[in-house]
Structure formats: structure tokens, C-alpha cells
Amino acid sequence: MASQSRGRASDDPFDANPFDDESDDGQPLTYSSGRPPPTNDDNLLHQYNINDSDTYNGRPSESYDDFVGGDRSTAHSAARGGPPPGPAPLGQPRPQFYSDTNRAYSQTSDLHNYQSHSEFGDLDDEPRDYYGSGGLDDASGAQYKHNAAHNRNSILSLGGGLMGRAKNMLGMAPAYSEMDMPLTEAGAHASKGPDAPDGARKDSRSKASTFKFGFGRGKYDYSGMGPRLIQLNNPPANAEHKFVDNHVSTTKYNFATFVPLFLFEQFSKYANLFFLFTAILQQIPNITPTNRYTTIVPLGIVLIVSAIKEAVEDNRRRASDTALNNSKAQVLRGSTFEPTRWIKVQVGDIVRVESEEPFPADIVLLASSEPEGLCYIETANLDGETNLKIKQAIPETAGLVSSSDLGRLGGKVRSEQPNSSLYTYEATLTMQAGGGEKELSLTPEQLLLRGATLRNTPWIHGVVVFTGHETKLMRNATGAPFKKTAVEHMVNLQILMLGAILITLSIVSAIGDLIIRLTKSDELTYLAYGQFNAAAQFFMDIFTYWVLFSNLVPISLFVTIEIVKYCHAILINSDLDMYYDKTDTPANCRTSSLVEELGQIEYIFSDKTGTLTCNQMDFRQCSIAGIQYADEVPEDRKAMGDDSVGIHDFNKLRSNLQDGHQSAPLIDQFLTLLSTCHTVIPERKSEKPGHIKYQAASPDEGALVDGAVLLGYQFVARKPRSVSIVVGGQEFEFELLAVCEFNSTRKRMSTIFRCPDGKIRCFTKGADTVILERLAPDGNPHVDATLLHLEEYAADGLRTLCLAMREVPEQEFREWYQIFNTAQTTVSGNRADELDKAAELIEHDFLLLGATAIEDKLQDGVPETIATLQTAGIKVWVLTGDRQETAINIGMSCRLISEDMTLLVVNEESSEATRNNLSKKLEAIASSEASSAETETLALVIDGRSLTYALEKDMEKMLLDLAVKCKAVICCRVSPLQKALVVKLVKRHLKSILLAIGDGANDVSMIQAAHVGVGIAGVEGLQAARSADVAIGQFRFLRKLLLVHGAWSYQRISKVILYSFYKNIALFMTQFWYSFQNAFSGEVIAESWTLSFYNVVFTVLPPFVLGIFDQFVSARLLDRYPQLYGLSQSGVFFKMHSFWSWVANGFYHSLLIYIFTVLFFWDDLQGLAGQPSGHWIWGTTVYTVALATVLGKAALTSNTWTKYHVLAIPGSMLLWYILLPVYATVAPLLNFSTEYHGVVPHLFPLPTFWAATLVIPFLCLIRDYAWKYAKRMYYPQSYHHVQEIQKYNVQDYRPRMEQFQKAIRKVRQVQRMRKLRGYAFSAGEESQSRVLEAYDTTRERGRYGELKTSNMPGAAR
């Protein structure tokens, strides 16, 4: 019987034993699983326009073929269990999702439909129906050969190039967005209108999208092209197609676009436009009252400094790209593999990739060192998951293990065009066979994506199908977006307001000038008014006063902000508290322009795997026969002697097994089950002969096998029909009879073995809910104790699993196996259901052996970090691909969900059910809020399918309304695109600052959709870190990044901006008051260059020390009192009220300065020698007094004093006193500026000058000091109290209370887990039988390192 179940490995993950390939009449069978695959990213891209929620989107179809345009007739035929469309020849592979050209079921579309998956680029004027059936023939692609390659290859045309960015900034975003495509046919037709024929309706934005700035090319539209034809071992033929090369660029600029793009970005800032206009006015002699270069020179300096900063940051990206592009790959040249730079790898090249190496491009797998062309890949850089995934070559190419065979390989690959779908692929391989050509189907199972890494497989051979920016990884990537912060938007608005004030002042002054000219021109003959045109004079005066008052807007503001932000980035980068020593990863602030946003975060969207957890499973505890064992036992829970109450260590387990304890038989079966019932492959390496490395597709399974090894049961070999383990130095072989596979419905896996003692046993492991209900009614005395232990494990956040077994009589097994074998050979679409039913027949009357507890190890400090962030008023949403039970358990263990929260679970199968669920929950919450003043704390858990429905236009607001009422949200089973859609939903409807954090390429779209993106750099790869604004080594560093650096940055930059506005108003408004005294003649108070030096020399340092070194609260106390984060989160330091307060204070100080200096110099004050002081003596005094006042204000504003504060504030005043005599002496001699001629000898001996310098600033600032005193003493804010705690080092007695709260949480968690059962069980949904049947690890490897099997083509050579 057992021998009948052996044969060729299956390609169908739902097919338990497809080795009997013939029906009763001898005809080959075509299998269809009848189970729709999950929704993929492309489908979601079609449905949801995340930039425009006003378009109706159709409900997702329940038939997967309707999603992607498959042939309905065939799809529906399969679903109804109709006959297969045609037989497949014997010996051909059974691909995972389809069998031949006329297959009954396709994951995507028919094999001859090469229309791309949502990759339309810029839509043309006549958009094709995306769901049109059929494809174009080979000739259809000929028309683009001469120019399409340039179109596709042009860096200017990519999302990260000039065109995408320029059009974005101009509001001319491309007509096509991956978020705009309809998910269903209903959505597609709805977007066109009910009466419009397919393709008739044009996108209203398509015309704007054709704007090309005069150069560059648009993104090429692949949808109208036929299949991509790739010749094997024929580079000249492939060169004719001019495929894109393999270079990758993530830079913001290139040599040609730097200047135009940089200038475009800089002059999108209103301040720079303002100063450009002012500089132009200064070049007109009859208008400007100042030197013509006093604005354009500082503006040039500002632009140069900003350009240097941009160039340095972009050069880092370029260096990273260069290092990647110059990595080495082995490419077949002739009959040998030669090292070649990645950038030189071309489409059609045959490459060899060795273990631990990343794939240089998208590759179709031809052969590997493993049996039947199997290989393991790690996709951590794509999706953050470190568990290995299985890929398999088609049998016809699996024997191509030598370079000479590969060199003689001829044929062609007919591939789909480049697209962004990571989970679909359609192509055919045409090979020479038997004197003719043979066309073989290629599926996603043969596609190895750039960004993935080969693991636990010595080598693979493959042919390159997509390179560079056409790889699926890069097609999913988006250009680094231009992100503007909320502070920058506010500053632009404030500059507009200052501009309005300036225009008002100019109009008032111009009117005053006209009045003076009309009424007093006869008295003021020395002004030589002469004849004038009133209207022309009015407008000339406006321009004159515009120039005169232009310094109200500080020219150094933006460069000051940029430098301060850059210094903040340096402080973040050099913070040792955020340095992760295990991977040598410091924090890296890649985009310094967003640092203040870190202080305003209200929502955090986090990935789970690799971000919150290490994706590292450790076997921690187990319960066998009602006795608990653990590797590390807490002192307060350690069992005394043989007492079953408490926890024993693993040494006690070993002694119980060896000493014949009453539980020894159960321990033996427990450990035997752990070491045999799995899909793990043992691997030995020649350099370490005694060491076994386990290849596990699921990290859970690897942890269980490692746990068995730790306890003395070592799994050593796998053969197609048996497994071998070593116990106590003796090897035992277990004959594998059948496998009942794990799936998400069964939640268990069973293997049936003939054990060494000749008995047949069924070993089962699974979730406790499914195991306990299948136990024998009698003979299970340890159920209650095991349940108690399970509750403890789940309360600790451990992933639990129940283990059970039964002995199966020989006759019962034979009868059952006939039923099982019939189920395996079911042709209709319900084979999986038949297999499940067959498994139910033998999975009963189990003996409970015990339970295991695996720790899905959280990163250090994750629970404390999440709890602290929630205390700071930040809502944390976790978006994960894990199952619901796993996600909830992790949410519990990381304190995202607490015991006092009420869980709202949305897990529906249809749109209507989802709508009803959401509406009922909203109604319940509304009624609860209306009836009770105190509402429960809520947490929302929603799965990916329900989320697909909930994101529809008419439901998304309901979802958001429910989510914002919850303290925590967990979205489980979500795809990468759904993550971005959720972020965009919140971003579109709420005025909150969002942060997204992740570690894999699947998180990039989410990271770039949020206002601030944070990437975890380290073990999981750098794709997310390279796309993020800030990269950190561990999730726990987010705590200091936000609560300390974020709060500091926001408070410092707010103070820098407000102080910069104030200091300019305080000086330059004196010019306006002076206008009433100088007959509005436009006469300046101080010398022109001295006025220019005010911003760039004499007051340049105080904003820097306030912005870089000032701390309103220390880092320790900001972390200790996370509630302080609410100050920056709510914008307390930078409200519009604050802006007007500082502006009004500047007006007030300028008025006092002007009035008091006039009084001090009343009647043209006589000098010591009796001569009058004159205008320049008084003007220089006004300048000095204003400078002393604004520096005094900086001193009052500082929260801390360092040596840098002393250098900047008193030092700036000292610098003025030193430079004034030098400049006033040298400038007249050089005829550079004659206004200061003879000023210094009269000014410095004058007592009035020194008296004014001391008295007037004091009179100005006495109000500020009184206000500060009153605010702190009588109207204190929270940070004032913490400042007092910091000053007097007040002790904090809260730790005791926290310990008490922790104990209360523990009790509540156990109570909750008794109510809510559902323990985590994770196993890869790969076909277990395929792995179990394929491997024979006892065989030697061949001369090329391949693992030989009897049925491998070419193995006999």
C-alpha cells in the first residue's frame, strides 16, 4: 500500500498525492484545486485610486478569474466541476496553477494573453480595456523596437526621474497610477460610464500627462505589446530588442537634471521667490534706495549652501547604487561561467547563483543542485520574512547541471512583459526535443526575483528575463517622493502674511510720499521733487519701499532651517542610544528635511515580522503528561522535587525519560513526534561533517525540530518513503505511509508512520481547538492540566501547539488508505475538500501527549516602546500578513492590546457582511457613548479579505470612523499594497502626521505613502531602509527618535523660525517709523551693507544655538514623561497665535527702540567737541540698540546655557563692537561705502551711545521678562513643571506603581485567554507531500554538486 503513494513530486500545493496520473480508462488527468488563490497586489491596484476617492469602485468579484480577465467559460466550467479541457501528455509537469495551454484554471489570464498586469505607464489617448480578452501576436511588438527601448531605459522617464518629479510638482501627475486601476470588471466599467464602449472613455488627466518639459520621454506603455521573446545563448538576437540594461538608480537627481530640478524646488518656496523679485528690483537705479547687490549676493549664498546639502545627500544614494551595480555575478560565456558586474548582466544571459548570494535580476530557474530542481530562497528583502520559500525548475531543464550542457542549450522564452505583480508570472519555454520543438509552461514557481537570496542550496542555474528597472522589485518601487512638512507649509503661509504686511507698509509709505510731494514740496526743496506723474510715482514708491522693507522677511531663514535640520540629522546619526551593536547599525537620518515631523506623529503604522519581532522562533517550554518543562525556569515558579506543580527544567525531562518515570512512554512519543512529523530537510556540509543544518520552510517547524534535538531526538535523514532519527546513539527509521497536510482550515498536520516496532501510528500536531475535540473520550487524564499550561503560555505571548497520537490497526489503515488514495486522484475542483474529509476519518480518538510553547521572539524593548508611545498619545496600527490568532497573540505580548481592551473583530467573507459588521459596531459604540460617560477602550482586528471590501468608496469612511475610535488597530493577512492603501486612507481623511515603519521591500509603498518613513536596517535587508527617511537598527529606538529627538527638533525649529521673524521686524520696522520723520523720502537709517550683515553675520549665530543646542527638557525626562510629546504633537510651540505674538512683539520693540533713540538724540545731540551728532551717528546707535535687544531676547528665550550660547549671544554683540570700527575705517578708504566716514571717532567717545545701548534694550525686554515670569508662576504648562523637576532633581516614585499595574495586567490577561481561545499555529502552506517525497538526503552529490535522484532527467549521464 505504501509503495503506491510514491512517485513524482507534486507542483500543486493543495494536491496531497498527485502521483497516480491516470484515471480508470487510462487517460491522463488534469487537476484543478477549485480553490481561489488570495487577492494579489495588482488586483488591489486596479480597484483603489488612493489619490481620488470620488470615483465609484466596484465590489471585488468572488471569482478570482474575474479579477484578472481569465476566460470565464473555462473558469466557470472548472468551478462547476465540468470535464477537463484536454489531457496533458504523460511525463509533463503539473504546474501549480495550470496544466497546459487550454487549462481549466489559470492564476492570471490565458497563456496567450500577454497583456501586462496593471503596468500601463502613462495611458495613451485611447486606453485599451484592461480586461480585454486575448493578446497580441508576436508581430505586434515590432513597431516599438527602434525607440521603445530608449523610452523604457531613459532614467528621465522613470518615476524617480525628472519627468515624474517635475509633473508632480507642477500638479501634472501622470494619468496612470498603480493605485488608479479597477480591481474588478465592475469597477472598470464604472470608471468608463455605463454607456461607454470599452476603451471609449478618456482619462481627463491624460492631456496634462503629456507635458514633457521639452525633453525626456514618458514611461512606456507595455500593455499594447506582445510577449517578450528571449533567445537562449544568442546575445546578438537579444541585443536587437534593446532590452533595458541591469543598472538601478535610486538617486533624486542626475547630472542633467540637478540644476533645473533644484532651482524648481527652491523657488517653490515663497521666500526665495520673494527675494528673487526684490533682487530684480534692486537692479533698477531709480527705484532701489540700497546697494544693488545686498539681496542677490545673500540669496546666491543661500542657494549654494542648499545645493551643496542636496548634492551631498544625493551622492550618498549614488554611491550605494554604484556599489550594488558593480556587484559580481557568474554569467555563462561560451561553456564557462565568468564573473561579470551586475550592470553588465543582460536579458537572455544564463547565470549561476550560489548559496547566500542575491539574485542579480529576475531569473527563470532552469536547474539546481537539489533533487528535481528544487531550491530554497529567502525573501526577507522583499517581504521581511526569513522563513524559506520553495521554488522548482520544470523537469525538462532540471538536468542541466553542467556548464557544457547549458552552453549547448537552444530555444527561446516567450515571456509576459514587465509588470509589478510579484506573485504572478506567465511564460513558455520552447526547447529542441526529439527532432522538433517542445513548448513548456513556466509559472511563478520558476521565477526567482531580484531582491531575494538563495539559501541552503549550493547553486542554481537560470536565464535572465527582466533586468534593471524592469524587474518586478523595481516596478514596485517608487521614486523618492518630495515630502513637505507641515512646518514648511505653515512658514510659507506666514511669509505670505509678512508679504501682505510689507505691501501694506509700502502702500502707506507711498501714499505718505504723495501727500508730502503735493503739500510740502515747496518747503522741501533740497529733495528736488520737480514735476512728477502721481500714478507713476505711486507705483515707483511702492517698489522702493518694497526693497526698503524687504528685510522683514529674513533672507537667511531657509538656509538657517536647512542647516539646523542637517545638524539634527547628525545628532540622530551619532546618538549611541540608537546604535545597534549586534549588526553595527547606527541610526541614519537619510532625509534631514523631515526631522521636525518626528515630533508631531499621531499615528504609527508598523509591520510585524522583522519589525516588532525578530522572526526567530525559539523552543521555550513544553507540557508532557501534565508536567511543565522549560529551558529557563523562573525562581518563583521552579518545581520542588518530583512535584508536578511548578516548572521543571529540561534536565528533569531527560532524567524522567531515562529513569523510567511513569510519563516516560508519553515523553518518548512526544519527542518522536517532534522529530518526525514535519517538512524539514537536513543538510550536511563537507566542511562540517558532524553538523546538520535544518532547512525549514516555516520557522515554527525549525524551532520544534531544534527542540527535539536539544532533548536528545535528532532528525538525521529524509528519504522519499522514510525519515531517520538518532536517539541515544542509535538510529531509528520510520516508514512514511501518508501525509494529511496542514492548511488554514484544518489547522493541523498529520503524518502516518510504520514505526520501528512495526506498529502504525498517526502523529498529529495543531491548534488546541482542533486537537482537543478529536481526543478519545477516555484515557486522557492530563487534558485539564495541559489546558492550564496552554493558558499560561498564551498569556506569556508564546505560540502554542498541541501534540497527539493514536495507534492505527493495520486493517483500519488499509481501508482508510483506499479512501485517501481516491481523494488524491479526484479530478473535479473539490479535491482539497475530499482530502480533508478523508483525513477526518483517521484523525480521531487521539491520545494527548502534551503541548509546546514557541517564542516568536520580540525585538528587545518592543512592549515597553509601544506602551510608552501609546502613553504619549500616539496610536499604533500593526499591518501584518500573519494569521488572525498569531497577530492577536503578538499584539498581546507586545502590549499593543491590553487586558482591559475590548476586541472588535471584522472577519467577513462578503462585502455586505463587512458593511453590516462595521455598521453594527459603530452603532454599538455610539449607543455606548450616549448612555455612559465612561466608554471602554477598544482595539480593532480586521483581516485582509474584509479590508478589501472595507476600502471600497462607500465603506472606507465607516472603516476609518471605527478605527479612529480604537486605541489600537491590527490588520492581518494584508498584502503590501493594502498597507499603503490603509495609510493613504488615513492620510486623505485626517489632518494627522503619519509614520510608517517596516523592514522589507513589501513595506516600501507604505513607508513612502506616510509623511515620515522609518526603515529597520540590519538582518532583513536594506530595501526598506534605503527607501525610508530614517533608518534605525531596532524598533525600540523609535521611542527616543520620536519622544526625544522629534520633540526637540519640533520645539527648536519652531523657536528658530519665530525668532528669525522677530529679529528682522524688531530692526527693520524702525525704518517704517523713521519714514514719518524723513518725509517718506526713502532714506535709510543705517548703511546698506551693515543692514545686510545683520542677518548673515551679527544675528546668524543665535538661531543656530537655539536650534541645535537648546533643550527645553532633558532627554531623560522626555523619555520618563512621554505625555510631554503631546505638546509638540498638538503644535503648542508653533501655532499661528505664536507667530502673531512674536510679530507683535517685534513691532512693539521696534517702536520703543525708535522712540527712545530719538529722545536720546533729541535736537540732534551735540557731541563732546560741540558738533551735532548727525544722521549716521544716530542710525548706528539705532542699529546697535536693536542688535542688543534681539540678542537679549535670544538670551531670555534660551532654556539652557552652554559654551556655545555664550559664544553666540554675548559673542555676537562683541563681534559688532570689533567689526564696526574696522569696517567704518576701511570701507571709506576703499571707497566701498562712504557713509561711515568719520563716524567712529565721534560715536565711541559719546556717553549717550553707551547709555542708549544699555538702557533701551532693558526697557524693551522688561515686559518680556515679566510675561515669562507670570506665565511660569501663575499659568504654567506641563513642561514648566518638568523643568522644575529637572532643575531640583526631584525623585520619581512611580516604579512601585508600575510593578503593581504589571501584576494586575497579568491576572487580567489569564482571565481573557480563558475566554478567548485560539492559539497560534504557523506552518508554510507549501505542499508538504512534495517536499517529503522529493528528498533523499542519504544520497551523494554528483560531480557538479547536484543531489542525484533516480527520476531526475540527466541523472544517468
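Position 1 is the first residue of the sequence; numbering continues from there.
- Formation of a donor-acceptor pair under 3.5 Å by the Glu378 side chain with backbone atoms of Ala452 is not found in this model.
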query = For Phe359 and Thr453, what are the C-alpha separation, side-chain angles and deciding distance, and is it a side chain to side chain contact (heavy atoms under 4.5 Å, CB included)?
reply = CA-CA 6 Å; Phe359 300 114; Thr453 304; 6.0 Å; no

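- Between Lys389 atom NZ and Cys375 atom SG the span is 12.5 Å, to the nearest 0.5 Å.
- Arg718 places a side-chain heavy atom less than 4.5 Å from the side chain of Pro682.
- The backbone N or O of Gly411 lies less than 3.5 Å from no partner atom in the side chain of Thr430, so there is not a single donor-acceptor pair.
- Contact detail for Gly373 and Ala398: the closest heavy-atom pair is N-CB, 4.0 Å.
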Test side chain to side chain contact (heavy atoms under 4.5 Å, CB included) applied to Asn419 and Lys472, step by step = CA-CA 6 Å; Asn419 60 73; Lys472 289 180 180 284; 2.8 Å; yes

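- Note that CD1 of Ile377 and CD1 of Ile390 are 10.5 Å apart. Values are rounded to the nearest 0.5 Å.
- Here the CG atom belonging to Leu332 is positioned 8.5 Å from the CD atom belonging to Glu338, to the nearest 0.5 angstrom.
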ask   = After noting the C-alpha distance and the side-chain angles of Thr679 and Phe742, does the key distance pass the side chain to side chain contact (heavy atoms under 4.5 Å, CB included) rule?
value = CA-CA 11 Å; Thr679 61; Phe742 169 85; over 6 Å; no

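- Side-chain contact between Met431 and Glu437: absent, with no pair of heavy atoms (C-beta onward) separated by less than 4.5 Å.
- The two residues Lys328 and Arg341 have their closest heavy-atom pair at CE-CG, 3.7 Å.
- Closest approach of Val413 to Ala427, counting heavy atoms only: CG1-CB, 4.4 Å.
- Taking both residues in full, the closest heavy atoms of Leu365 and Ala367 are given as CD1-O, 3.5 Å, listed atom of the first, atom of the second, then distance.
- Taking 4.5 Å as the limit, some side-chain heavy atom of Val353 sits within range of a side-chain heavy atom of Pro360.
- Separation of atoms OG1 (Thr397) and CG (Asp405) is listed at 12.0 Å; rounding is to 0.5 Å.
- Contact check on Asp349 versus Arg333 returns a salt bridge, with a Lys/Arg side-chain nitrogen under 4.0 Å from an Asp/Glu carboxylate oxygen.
- Residues Val364 and Leu429 are not in side-chain contact: their nearest non-hydrogen atoms beyond the backbone lie 4.5 Å or more apart.
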task = List the steps and the verdict of side-chain hydrogen bond (donor to acceptor under 3.5 Å, both in side chains) for Glu370 and Thr457.
result = CA-CA 7 Å; Glu370 304 307 292; Thr457 307; 5.2 Å; no

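- Side-chain contact between Leu366 and Leu409 is present, with heavy atoms from C-beta onward closer than 4.5 Å.
- For the pair Asp362 (side chain) and Leu449 (backbone), a donor-acceptor distance under 3.5 Å is absent.
- For Asn238 (side chain) and Gln231 (main-chain N/O), a donor-acceptor pair under 3.5 Å exists by modelled atom type.
- Atoms CG and NE2, from Leu406 and His461 in turn, are 5.5 Å apart once rounded to the nearest 0.5 Å.
- What you find for Gly468 and Thr471 is that their closest heavy atoms are O-OG1, 2.8 Å.
- Within the 3.5 Å criterion, the main-chain N or O of Leu440 finds no donor-acceptor partner in the side chain of Glu396.
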message = Between Thr467 and Gln346, is the side chain to side chain contact (heavy atoms under 4.5 Å, CB included) condition met? List the steps.
response = CA-CA 7 Å; Thr467 50; Gln346 298 175 347; 5.8 Å; no

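- Taking the side chain as every heavy atom from C-beta outward, Lys979 and Val974 approach each other to under 4.5 Å.
- Nearest approach of Ser368 to Ile460, heavy atoms of both residues: CB-CG2, 3.7 Å.
- Under a 3.5 Å cut-off, the side chain of Asn325 and the backbone N or O of Trp342 do not form any donor-acceptor pair.
- Put simply, the side chain of Glu356 reaches to within 4.5 Å of the side chain of Arg455, judged on heavy atoms.
- Considering only heavy atoms from C-beta on, Pro418 stays 4.5 Å or farther from Val244 through its side chain.
- Interatomic distance, CG of Asp245 versus NE2 of His469, reported as 8.5 Å (0.5 Å rounding).
- In this structure a side-chain-to-backbone donor-acceptor pair under 3.5 Å is present from Ser327 to Ala323.
- Each of Arg450, Arg228, Arg475 was scored for a salt bridge (Lys or Arg N to Asp or Glu O under 4.0 Å) with Glu470, with one residue passing: Arg228.
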